[in-house]
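Worksheet for the structure shown next.
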Amino acid sequence: MTVRVRFAPSPTGRLHLGNVRAALLNWLFARKSNGRFLLRLDDTDKERSRPEFATAIEDDLRWLGISWDEFARQSDRLDRYEAAAEKLKADGRLYACFETPEELKLRRFGQIADGGAQVYDRAALRLTERQVADYAAEGRRPHWRFRLEHAETGWEDLIRGRCAYHGTKLSDPVLVRADGMPTYTLASVVDDVEFAVSHVVRGEDHVTNTAVQIQIFEALGQAAGELKFAHFPLISDIGGHSLSKRLGSLSIENLRNDGIEPSSITSLIARLGTSDPIEVMEKPADLVDGFSFSKFGRASPKLDPDEIVRINAKLVHRLPFSAVADRLPAGADAAFWESVRPNLSKVGDAVEWWSIARSAVMPINAEPDFLTEAARLLPPEPWSADTWGAWTKALGASTGRKGKELFLPLRLALTAREHGPEMKSLMPMIGRSRTLARLEGRKA
RNA sequence: GUCCCCAUCGUCUAGAGGCCCAGGACGGCACCCUCUCACGGUGCAGACCGGGGUUCGAAUCCCCGUGGGGACGCCA
């Protein structure tokens, strides 16, 4: 059996860490199994779906390095859902309901007050033909619910193990809205059938849906057990609470604007909550080997936003010049990149060191006497990687200083920073005239 | 409120009754390297949510409690 999976976002917002995890895990599973990965836009909600979000989702996925083998849009397939709905009506599994959204809302409030289960009471099933005719005469358009089997529906989840729900604990789902549009619940199952999806991989916010979807799947004539499920736990914030409140700051758009590399995101997201260590991988394909649902735990992992930056720093320390050349300031070469790289946590931070090497810097000159002596001993050009060593050795001998006392004032004078890349590689880039001026406390 | 799930170092986890006075990774700390910092290397500290049971023996099984997550939409 060929593995076919799908990532099915609704274009009602940008991608964030939570969504992307679903996309990545599906993609990894497809790659691991030599299967196919389908991107499907679940845009049956006309009110909230927007084409610009669809475009943004595709852009974000491409940026992350997640590619898809097939593409579908639910709004292109409405005839398929209508055909399925007709079949279910013919089989007596879909029944017309006339409650307004307001009535349903009130009924739910009442159920909460009574402490009862918030399950649709199937009032529409008890409507007489006369009542139905009256509603029609009033001009009310029905919405359609799927009559659930009041039995236990279960499945063997690839992450959660045995799961089961009893039909009496579930509401008959609305499959067709009063305006005739299908809901996600119908469209999703129809697509899973027609695209021959083999595994549904998604967050555990969908577990309860699964029992319902299996019933619809069967009502559509599919054999139970043909579709496998894997529900992974949702990520929580560092305090252990739902991540949803801070999704904005964890949107892919935001992380990208912050200078985070796509691989830092995929490296973290693919391994978080698994028994594999979180390692820096240069591309998503490097995460395929060893990927397995059996390595996922059932508890919600906490995500520390600092972790993303730490991973990014490690990644940047390894990136070759060729991978970043087009993002460095004009003129920056491989030698520059390799000398500043170990001190960066983001590629963009390189510009700061480029300007320290090539533009005017106001030095921090706390010890003029010492720096005057340093200027006196400054070797003539040409300078190399050995110049710093020779210079500081001579300066140490002449002043009796060593260690931090010797080196820190020089670093402050030459770069105006306490920390930074190795001075021996920075110094030739700064050059003698600029160095001399900075030692004398002049901006240069 | 009802239903489902979860609970081991700060974090991600290993652990399916004796192999565990609990192992690994990240972070932290210390030391080394070196030209201060960073990078790199080595080492150290650090946890079984609480209470009852079952058992010769429980991190592991059962019950209760507590804490957390999810679901209960004419959203997906």
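Lettering follows sequence order; numbering is per chain, from 1. Excluded from the calculations below are hydrogen atoms, water molecules and symmetry mates; all remaining heavy atoms, backbone and side chain alike, are included.
When Watson-Crick and G-U wobble pairs are counted only if both distances are under 3.5 Å, B/C9 pairs with no nucleotide at all. In this structure, B/C61 and B/G53 make a Watson-Crick or G-U wobble pair, each of the two defining distances being under 3.5 angstrom. Look at B/G1: its Watson-Crick or wobble partner, with both distances under 3.5 angstrom, is B/C72. When both pairing distances are held under 3.5 Å, B/A38 makes no Watson-Crick or G-U pair with any nucleotide shown. For B/G27, there is no paired base (Watson-Crick or G-U wobble, both distances below 3.5 Å).
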Restricting to nitrogen or oxygen on both sides, can you table the protein-nucleotides 29-35 of chain B pairs closer than 3.5 Å?
from  : atom 1 : to       : atom 2 : distance (Å)
B/C35 : N1     : A/Trp388 : NE1    : 3.3
B/C35 : O2     : A/Trp388 : NE1    : 3.1
B/C35 : N3     : A/Trp388 : NE1    : 3.0

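Between B/A14 and B/C9, the distance separating the two C1' atoms is 13 Å to the nearest Å. Taking atom C1' in both B/G46 and B/C5, one finds a spacing of 29 Å when rounded to whole Å. Remark: the separation of the C1' atoms in B/C31 and B/G50 is 40 Å, to the nearest Å. Atom P of B/G57 sits at a distance of 30 Å from the matching atom of B/G24, rounded to the whole Å. Comparing the C1' positions of B/A47 and B/U55 gives an interatomic distance of 25 Å, to the nearest angstrom. For the P atoms, the distance linking B/C61 with B/U2 amounts to 26 Å, nearest Å. Taking the P atoms as reference points, B/G17 lies 12 Å from B/C62, given to the whole Å. Taking the P atom of each, B/C48 and B/U11 are spaced 12 Å apart, rounded to whole Å.
Side-chain N/O atoms of A/Thr12 include none lying less than 4.0 angstrom from OP1 or OP2 on B/C75. Not one side-chain nitrogen or oxygen of A/Arg48 sits closer than 4.0 Å to the OP1 or OP2 atom of B/C75. Note on A/His241: every side-chain N or O is 4.0 Å or more away from OP1 and OP2 of B/G68. Using a 4.0 Å cut-off, some side-chain N or O of A/Arg145 falls inside it from OP1 or OP2 of B/C74. Within the 4.0 Å cut-off from OP1 or OP2 of B/C75, not a single side-chain nitrogen or oxygen of A/Thr183 is found. At B/A76, one or more side-chain N or O atoms of A/Arg177 fall inside 4.0 Å of OP1 or OP2 (strictly under the cut-off). At the phosphate of B/A38, neither OP1 nor OP2 sits under 4.0 Å from any side-chain N or O atom of A/Arg417.
Residue contacts for A/Ser236: at a heavy-atom cut-off of 4.0 Å it reaches no nucleic acid atom on any strand shown. Within 4.0 Å (heavy atoms only), A/His166 reaches no atom of the nucleic acid at all. If you check every strand for non-hydrogen atoms under 4.0 Å, A/Thr100 touches a base. Across all strands shown, A/Pro301 has heavy atoms under 4.0 Å from sugar-phosphate atoms exclusively, and none from any base. Counting non-hydrogen atoms under 4.0 angstrom, A/Arg108 reaches the backbone sugars and phosphates but no base.
Geometric assessment of A/Lys228 against the ring of A/Trp155 yields a negative cation-pi assignment under the 6.0 Å and 45° thresholds.
Taking the charged nitrogens against the carboxylate oxygens, A/Glu381 and A/Arg432 have no contact shorter than 4.0 Å, which rules out a salt bridge.
Panel note: side chain A/Trp68, backbone A/Arg40; no donor-acceptor pair is recorded below 3.5 Å. Here the side chain of A/Ser292 pairs a donor or acceptor atom with the backbone of A/Ser294 at under 3.5 angstrom. Within the 3.5 Å criterion, the main-chain N or O of A/Leu414 finds a donor-acceptor partner in the side chain of A/Arg438.
In this structure, A/Glu47 atom CD and B/A76 atom C1' are separated by 14 Å, rounded to whole Å.
Between the side-chain ring of A/His317 and the base of B/A38, no stacking contact exists by the 5.5 Å and 30° definition.
The listed nucleotides are B/G69, B/C6, B/C74; the one nearest the side chain of A/Glu204 is B/G69.
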